2 protein chains.
Amino acid sequence: MQNLKKILENVEIKPTYEWLSILQYLDKNHNHPTAAMIFDEVVKKVPTISKTTVYNSLKLFMKKGIVTPLYITGSEVRYDFAQKPHHHFFCEECGKIYDLEVECPIFKQKYFHGHLIRQQHVYFRGICKDCLKKENKAHH
Amino acid sequence: MQNLKKILENVEIKPTYEWLSILQYLDKNHNHPTAAMIFDEVVKKVPTISKTTVYNSLKLFMKKGIVTPLYITGSEVRYDFAQKPHHHFFCEECGKIYDLEVECPIFKQKYFHGHLIRQQHVYFRGICKDCLKKENKAHH
DNA sequence: TTGCATATTTGAACTCATTACAAATTTATA
DNA sequence: TATAAATTTGTAATGAGTTCAAATATGCAA
């Protein structure tokens with residue numbers, strides 16, 4: 001709670017009730033939620049909050065670099081409150097997004113073929129551990 | 001032309017005029033176009049074609065594995081008629097998407113942490129070579 | 001060739017995530 | 001306390017993508 005306030009202050013965002021509530025949700029739920037999911041949960045605690053505020057806040061957080069958008073599903077943006085950079089695995093079966101630690105020297109470079117790299121997005125797509133297990137069970 | 005027909009027949013798609021025209025556009029333009037861009041160009045050659053046909057065709061091509069969707073910009077899907085798997089660089093300045101050859105042993109694995117990998121999506125984001133040059137010139 | 005079933009294409013209506021914007025509210029400052 | 005600036009809100013609009021039923025084209029049997 002207190003350190004979330006610090007995080008906002010560090011990037012010069014006034015820790016208003018709405019902004020803190022949204023960040024608090026992201027901090028507690030590392031499930032890469034959509035804007036709608038964030039709204040649906042935060043509105044329970046802050047009944048007056050609007051969807052526009054959720055979108056505005058996320059845009060602000062992204063501009064300040066404390067939230068990363070994930071373009072993985074193609075239909076809506078997922079948001080990641082990421083402390084350390086990491087990568088993702090998207091299960092085509094259940095839709096769940098897993099965090100992955102991928103070690104590769106390429107991801108340490110600042111330039112690639114002359115292009116300045118600001119962000120690196122890596123995600124694998126397939127069937128997750130759990131869904132594979134379920135499928136195997138179905139065969140017995 | 002003739003080999004595009006073959007490509008379609010190989011994946012059991014009847015080479016109709018519309019499907020061939022769309023694939024032909026993708027083959028000539030490796031600019032990772034949106035569905036709208038594809039429609040706008042193909043309609044010049046096939047005036048009766050509809051947007052729905054473009055979407056239907058792309059969905060069919062994706063199902064058959066000859067076209068890959070790129071979720072990079074967050075606002076719309078880009079389509080890639082990719083022979084060899086490769087990765088991408090997205091310029092935040094000019095919006096251009098470059099093809100990248102990234103060599104990394106991780107991308108050769110079939111499983112990762114128990115998850116079955118079907119597709120690998122890697123894109124870097126930043127400022128491209130050309131836009132960096134323009135910015136440097138602007139300082140003189 | 002004709003008739004019929006199937007595959008393909010089309011256009012209009014719709015969904016839904018996201019954005020635009022102006023009014024309302026809150027907060028900071030003098 | 002007054003006034004300006006920042007923040008929040010709700011409504012309307014945008015625009016990519018989907019749904020669906022009608023229209024058209026194609027393949028095939030008789």
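Below, all heavy atoms of this structure are taken into account, side chains as well, without hydrogens, waters or symmetry copies. Every chain is numbered from 1 and lettered A, B, ... according to where its sequence line falls, protein lines coming before strand lines. A quick note: this is a predicted structure, and the numbers were derived from the prediction, not measured.
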What pairs of nitrogen or oxygen atoms, one from the protein and one from nucleotides 11-16 of chain C, lie under 3.5 Å apart?
unit_1: C:dG11; atom_1: N7; unit_2: B:Thr52; atom_2: OG1; d: 3.2
unit_1: C:dG11; atom_1: O6; unit_2: B:Thr52; atom_2: OG1; d: 3.3
unit_1: C:dA12; atom_1: N6; unit_2: B:Thr52; atom_2: OG1; d: 3.4

Strictly by modelled atom types, are B:His30 and B:Asp80 linked by a side-chain donor-acceptor pair under 3.5 Å?
->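 B:Asp80 and B:His30 do not have a side-chain donor-acceptor pair below 3.5 Å.
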Check: B:His86/B:His88 side-chain N/O donor and acceptor closer than 3.5 Å |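 Yes, B:His88 and B:His86 have a side-chain donor paired with an acceptor closer than 3.5 Å.
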For the rings on B:His87 and B:Phe107, is their centre-to-centre separation under 6.0 Å?
->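 Yes - the distance between ring centres of B:His87 and B:Phe107 falls below the 6.0 Å cut-off.
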For the ring pair A:Phe112 and B:Phe124, is the centre-to-centre distance below 6.0 Å?
->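 Yes, ring centres under 6.0 Å apart.
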If you define the side chain from C-beta out and look only at heavy atoms, does anything of [X] sit under 4.5 Å from [Y]?
X        : Y        : value
A:Leu116 : B:Leu132 : yes
A:Ile38  : A:Tyr79  : yes
B:Glu93  : B:Glu135 : yes
A:Tyr17  : A:Lys45  : yes

Strictly below 4.0 Å, heavy-atom distances to any atom of DNA chain D: list the hits from residues 61-82 of chain B, or just say none.
->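 B:Ser75, B:Glu76, B:Val77, in order of number.
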Short side-chain N/O contact to D:dA6 OP1/OP2 from A:Lys14, under 4.0 Å |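 No, outside the criterion.
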Whole angstrom is fine here: how far is it from [atom1] in [X] over to [atom2] in [N]?
X       : N      : atom1 : atom2 : result
B:Leu8  : C:dT8  : CG    : P     : 12 Å
A:Glu12 : D:dT7  : CD    : P     : 12 Å
B:Met37 : D:dG15 : CE    : C1'   : 16 Å
B:Leu20 : C:dT9  : CG    : P     : 11 Å
A:Trp19 : C:dT27 : CH2   : P     : 12 Å

Residue list, side chain to side chain contact (heavy atoms under 4.5 Å, CB included) with B:Pro15, at least two apart or on another chain =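 With neighbours one apart ignored, the set is B:Lys5, B:Leu8, B:Glu9, B:Leu20.
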Check every atom of C:dT8, C:dT10, D:dG17 against the side chain of B:Ala35 and return the nucleotide holding the closest atom.
->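 For B:Ala35, the side-chain atoms sit closest to D:dG17.
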Would you indicate which nucleotide in C:dT18, D:dT9, D:dT18 comes nearest to any side-chain atom of B:Tyr55?
->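 Ranking C:dT18, D:dT9, D:dT18 by closest atom to the B:Tyr55 side chain puts D:dT18 first.
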B:Thr16 near the nucleic acid: base, sugar-phosphate alone, or nothing, with a heavy-atom cut-off under 4.0 Å?
->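 It contacts sugar-phosphate atoms only.
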Starting at the 5' end of DNA chain D and moving along, which residue's nearest nucleotide shows up first, A:Ile13 or B:Lys59?
->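 Here A:Ile13 is the residue nearer the 5' end.
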